Amino acid sequence: ESGEWTSLFNGKDLTGFSQKNGTATYEVKNGTILGTTVKGSPNSFLCTDKLYGDFDLTFEVKVHNSLNSGVMIRSQTKGGTAEGRVNGPQVEIEASGAKGAESGYIYGEACGGWMTPKALLKPHKHFKDGEWNRYRIMAKGPRIQVWINEVRISDLVDEAKFKAYPKGFIGLQVHGVGKGGPFDVAWKKLKIRELK
């Protein structure tokens, strides 16, 4: 018996979210959450105040071709403080470019790097550059599945990471860009249902 689908984002303001790390800006524009880079800022995260364990999450995302982004799941901060470094599993969001890229694979942000095994980290072009892309992330126990535009990209079982990160916030990342930018990333239609 799974829960009902509920919206994470009300379309009007950032109620239910708090920013952690970094100084990138997050604002609501035309019914989307728009994240924009700020020079010199480290990675920034707009995080749900509520914590989620097993869930099914869908959203649409559009990212600047020069910006890397991601969605943190079951994540936490070091020491549990707002200033502490955000860490946990992250589902990759990035433009495909000419050679394809790693969208939809799973990275351990500040907790060990790629969770997707090296042999499976094959560049692909299922992420459409400059367009809205539909993501679905299903996390149940140690298994995390990711679809982009209805194509399954990841099906990962990681017992050790699940033990360390069984539950936590969902966070929308704006990657640090040093002196580059400004670049932006936008999210909309964020919906979640908790899995029993």
Side-chain angles (χ1 to χ4, degrees), residues 4-19 22 24-38 41 43-48 50 52 55-75 86 89-107 109 116 121-139 144-156 169-177 180-194:
E4 295 291 304
W5 285 99
T6 57
S7 288
L8 278 181
F9 165 51
N10 64 21
K12 298 186 199 72
D13 59 35
L14 298 177
T15 301
F17 290 91
S18 302
Q19 185 166 346
T25 61
Y26 290 92
E27 59 186 325
V28 176
K29 205 166 176 181
N30 305 326
T32 73
I33 295 175
L34 185 69
T36 307
T37 61
V38 167
S41 169
N43 293 352
S44 306
F45 303 90
L46 184 70
C47 306
T48 59
K50 187 174 169 177
Y52 295 92
F55 62 83
D56 202 350
L57 169 70
T58 62
F59 59 87
E60 292 187 20
V61 63
K62 186 179 187 175
V63 68
H64 187 286
N65 288 349
S66 302
L67 182 63
N68 170 292
S69 179
V71 168
M72 303 292 302
I73 62 169
R74 294 173 168 168
S75 296
V86 167
Q90 180 188 136
V91 177
E92 187 73 11
I93 296 170
E94 62 177 335
S96 296
K99 298 189 170 112
E102 292 158 339
S103 275
Y105 295 139
I106 303 164
Y107 184 79
E109 175 85 10
T116 299
L121 269 178
K122 295 191 167 88
H124 65 82
K125 292 188 177 180
H126 293 293
F127 188 95
K128 298 181 185 124
D129 295 2
E131 295 179 38
W132 287 101
N133 289 270
R134 283 185 306 282
Y135 268 65
R136 179 183 177 200
I137 302 168
M138 190 189 255
I144 301 170
Q145 298 179 78
V146 180
W147 292 260
I148 298 177
N149 299 320
E150 285 35 90
V151 177
R152 190 165 69 180
I153 305 295
S154 287
D155 187 357
L156 180 73
F169 55 72
I170 289 165
L172 311 179
Q173 182 195 48
V174 173
H175 208 280
V177 290
F183 305 130
D184 58 34
V185 52
W187 290 270
K188 66 180 182 182
K189 300 184 182 172
L190 294 112
K191 292 191 168 67
I192 196 164
R193 65 185 180 122
E194 296 189 71

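On a predicted model such as this, the values are computed, not experimentally measured, just so you know.
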Would S44 and Q19 satisfy side chain to side chain contact (heavy atoms under 4.5 Å, CB included), going step by step from the backbone distance to the final call? CA-CA 7 Å; S44 306; Q19 185 166 346; 4.0 Å; yes

Steps toward side chain to side chain contact (heavy atoms under 4.5 Å, CB included) verdict (R193, M138): CA-CA 10 Å; R193 65 185 180 122; M138 190 189 255; 4.3 Å; yes

In sequence, state the C-alpha distance, the side-chain angles, and the governing distance for F9 and L46, and then conclude on side chain to side chain contact (heavy atoms under 4.5 Å, CB included). CA-CA 12 Å; F9 165 51; L46 184 70; over 6 Å; no

Decide side chain to side chain contact (heavy atoms under 4.5 Å, CB included) for I33 and L190; before the verdict, give the C-alpha distance in whole Å, the side-chain angles of both, and the deciding distance to 0.1 Å. CA-CA 10 Å; I33 295 175; L190 294 112; 4.1 Å; yes

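Residues passing the ring-ring contact (aromatic ring centres under 6.0 Å, His included) test with F55, sequence neighbours excluded: none. With sequence neighbours excluded, the residues that form a salt bridge (charged side-chain N to carboxylate O under 4.0 Å, His left out) with K50 are E194.
Shown here for W5 and D56, the closest heavy-atom pair between the two residues is CZ3-O, 3.5 Å. Minimum heavy-atom separation, A139 to I73: CB-CD1, 4.5 Å. Contact between A95 and A101 at its shortest, heavy atoms only, is O-CB, 3.2 Å. The two residues S41 and G22 have their closest heavy-atom pair at OG-CA, 3.4 Å. Closest non-hydrogen pair, V91 versus V146, comes out as CG1-CG1, 3.8 Å. When every heavy atom of I148 is checked against every heavy atom of H124, the shortest pair comes out as CD1-CE1, 4.3 Å.
Atoms CD1 and CG, on I106 and L156 in that order, are 4.5 Å from each other to the nearest 0.5 Å. Taken from CZ in R134 to CH2 in W147, the straight-line distance is 14.0 Å, to the nearest 0.5 Å. Between N68 atom CG and E102 atom CD the span is 9.0 Å, to the nearest 0.5 Å. Between atom CG of residue D184 and atom CG of residue L34 there is a gap of 5.0 Å, rounded to the nearest 0.5 Å. Atom CG of L57 sits about 10.5 Å away from atom CZ of R136, to the nearest 0.5 Å. Note that CD1 of I153 is 12.5 Å distant from CD of E92, once rounded to the nearest 0.5 Å.
Heavy atoms from other residues, nucleotides or ligands lying under 6.0 Å from NZ of K188 number more than 12.
At a threshold of 4.5 Å between non-hydrogen side-chain atoms, the residues F59 and I93 count as touching. Taking 4.5 Å as the limit, every side-chain heavy atom of V174 sits out of range of all side-chain heavy atoms of T36.
For T48 (side chain) and I170 (main-chain N/O), a donor-acceptor pair under 3.5 Å exists by modelled atom type. Checking side-chain atoms of Y105 against main-chain N and O of P123 turns up no donor-acceptor pair under 3.5 Å. Between the side chain of N43 and the backbone N or O of H175, no donor-acceptor pair lies under 3.5 Å. Without hydrogens or angle criteria, Y26 side chain to L172 main chain gives a donor-acceptor distance under 3.5 Å. In this structure, S103 contributes its side chain and E94 its backbone to a donor-acceptor pair below 3.5 Å. The backbone N or O of Q173 sits less than 3.5 Å from a side-chain atom of S69, completing a donor-acceptor pair. Side-chain N or O atoms of T37 include one that pairs as donor or acceptor with a backbone N or O of F183 at under 3.5 Å.
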Could you go through residues 126-133 and list every donor-acceptor pair under 3.5 Å that involves a side-chain atom there, pairing it with any protein atom two or more places apart or in another chain?
{"unit_1": "D129", "atom_1": "OD1", "unit_2": "S96", "atom_2": "N", "d": "2.6"}
{"unit_1": "D129", "atom_1": "OD2", "unit_2": "S96", "atom_2": "N", "d": "3.4"}
{"unit_1": "D129", "atom_1": "OD2", "unit_2": "G97", "atom_2": "N", "d": "2.9"}
{"unit_1": "N133", "atom_1": "OD1", "unit_2": "K128", "atom_2": "N", "d": "2.7"}
{"unit_1": "N133", "atom_1": "OD1", "unit_2": "N149", "atom_2": "ND2", "d": "2.9"}
{"unit_1": "N133", "atom_1": "ND2", "unit_2": "K128", "atom_2": "O", "d": "3.0"}
{"unit_1": "N133", "atom_1": "ND2", "unit_2": "E131", "atom_2": "O", "d": "2.9"}

